[in-house]
Amino acid sequence: ALDGELIFNNEITIIFSPTNVGKTFFATHLCAKICERNTNMQGIYYNTEMNDSQMKRILFGNKDGEEWPRYSDNIEVISEIHTTDELVNNMAMNIEKNKKDLAIFIDNSTYFEPSSRSEKSTEFLKLLKRILTQAKNLYGINIAFIVICHTNKIERDARLDLNVLKGNGNLNNFADRVIAIGRVPKHNDKRYIKVLKSRTGNIDEKL
């Protein structure tokens, strides 16, 4: 376990929520916690929705008029990735370059889903599985993949379960762990974290 019972090495974890609930904020915080607690790991955060300056505002605060690192210095943020091939090539380069355990965040999966409806979004997770296995076999590297996903169109306070996870081809079947983040009804300033699927550890719900 890398962070309590939420994230484990050599697993693919899906984190999903409706829009504007705070997936990116939660994921960057989670990445920071993992890298602070596991100093021998390298965190790599791929963000496809924000540019470098926007990610910088999330990752850096302002103290006495100067920028200061809010998060661990063993996190690399990469936002200039435009295709699945570029993503795979960049991950392969980082695996070979770092040659140590990695926590790789992909925010978000929609960007890398196939454009054709006849193809399945599960193909992307299958690709990550192959990368995970090859890194283990070639270099003895452990990788934790954390993939950020969206929900289908649902009502604001709808119950979150595996059925509302966006993606075709039974996306959740190919993940080792699925975590939902939702608004607490009647408490807009609070969120709940709900583990919907777990191959390792306990299934728990936290406010």
Side-chain angles (χ1 to χ4, degrees), residues 1-50 52 54-61 68-79 81 87 91 94 98 100-112 124-125 128 131-132 141-151 160 162 165-166 171-172 175-184 189-207:
L2 298 176
D3 181 68
E5 291 289 320
L6 279 181
I7 305 298
F8 286 77
N9 257 331
N10 300 310
E11 288 192 352
I12 296 176
T13 298
I14 287 177
I15 297 176
F16 77 96
S17 79
T19 56
N20 299 320
V21 169
K23 291 186 293 294
T24 295
F25 180 85
F26 175 76
T28 52
H29 179 67
L30 186 60
C31 184
K33 286 178 65 181
I34 289 173
C35 290
E36 286 168 1
R37 293 179 179 181
N38 305 273
T39 55
N40 60 329
M41 292 192 78
Q42 173 69 35
I44 302 174
Y45 198 103
Y46 293 97
N47 189 289
T48 61
E49 292 190 321
M50 298 182 184
D52 286 338
Q54 290 171 320
M55 281 302 297
K56 192 175 181 180
R57 284 197 292 271
I58 291 178
L59 291 167
F60 289 82
W68 58 285
R70 180 181 295 157
Y71 293 152
S72 172
D73 59 2
N74 55 332
I75 298 175
E76 181 180 3
V77 176
I78 301 171
S79 58
I81 297 291
L87 176 68
M91 284 192 290
N94 274 296
N98 288 287
K100 62 180 179 179
D101 292 356
L102 300 171
I104 299 179
F105 285 71
I106 300 170
D107 185 1
N108 64 73
S109 68
T110 304
Y111 197 86
F112 302 105
F124 182 61
L125 293 194
L128 297 186
I131 293 172
L132 192 154
I141 293 173
N142 298 303
I143 298 180
F145 276 115
I146 299 90
V147 183
I148 314 303
C149 298
H150 293 299
T151 63
L160 298 182
L162 295 175
L165 174 60
K166 186 176 181 179
L171 192 62
N172 65 81
D176 299 295
R177 180 175 302 270
V178 181
I179 299 170
I181 307 173
R183 296 182 183 88
V184 178
D189 61 334
K190 294 183 179 180
R191 303 289 186 265
Y192 65 82
I193 303 167
K194 187 175 183 180
V195 180
L196 298 173
K197 176 184 176 179
S198 173
R199 297 193 198 277
T200 312
N202 300 320
I203 291 183
D204 190 14
E205 184 170 333
K206 304 178 185 295
L207 291 179

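Values below: all heavy atoms of this structure, side chains included; hydrogens, waters and symmetry mates excluded.
Residues T28 and N47 have side chains not in contact (no heavy-atom distance under 4.5 Å, counting atoms from C-beta outward). With a 4.5 Å cut-off on side-chain heavy atoms, V21 and R191 count as touching. At least one side-chain heavy atom of I106 sits under 4.5 Å from a side-chain heavy atom of L128. Residues Y46 and T48 are not in side-chain contact: their nearest non-hydrogen atoms beyond the backbone lie 4.5 Å or more apart. Here the side chains of N94 and Q42 are not in contact, with every heavy-atom distance at 4.5 Å or above. Residues N98 and M41 form no side-chain contact, since every pair of their non-hydrogen atoms from C-beta on lies 4.5 Å or further apart.
The distance from atom CE of M91 to atom CD1 of I81, rounded to the nearest 0.5 Å, is 9.0 Å. Taking CD from E11 and CD1 from I146, the interatomic distance works out to 10.0 Å, rounded to the nearest 0.5 Å. One finds the CD1 atom of I143 at 5.5 Å from the CG atom of L132 (value rounded to the nearest 0.5 Å). Atom-to-atom distance recorded for L125:CG and F145:CZ is 10.0 Å, nearest 0.5 angstrom. Annotation: the span from I193 atom CD1 to S17 atom OG amounts to 11.0 Å, rounded to 0.5 Å. A distance of 7.5 Å separates CG in L6 from CD1 in I15, rounded to the nearest 0.5 Å.
Heavy-atom minimum distance, A144 versus N9: N-OD1, 4.1 Å. The two atoms that bring F105 and A27 nearest to each other are CE2-O, 3.4 Å, heavy atoms only. Pairing each heavy atom of C149 with each of L165, the nearest pair is CB-CD1, 3.8 Å. Here the shortest heavy-atom pairing between C35 and I75 reads SG-CG1, 3.7 Å.
None of V147, I179, V178, I181 except one satisfies the side chain to side chain contact (heavy atoms under 4.5 Å, CB included) rule with F16; the exception is V178.
Between the D176 side chain and the I12 main chain, a donor and an acceptor come within less than 3.5 Å of each other. Looking only at distances, no side-chain donor or acceptor of R177 sits under 3.5 Å from a matching main-chain atom of I7. Distance alone, capped at 3.5 Å, places no donor-acceptor pair between the K197 side chain and the T13 backbone. Formation of a donor-acceptor pair under 3.5 Å by the N108 side chain with backbone atoms of I148 is not found in this model.
Within 6.0 Å of NZ on K100 lie more than 12 heavy atoms contributed by other residues, nucleotides or ligands.
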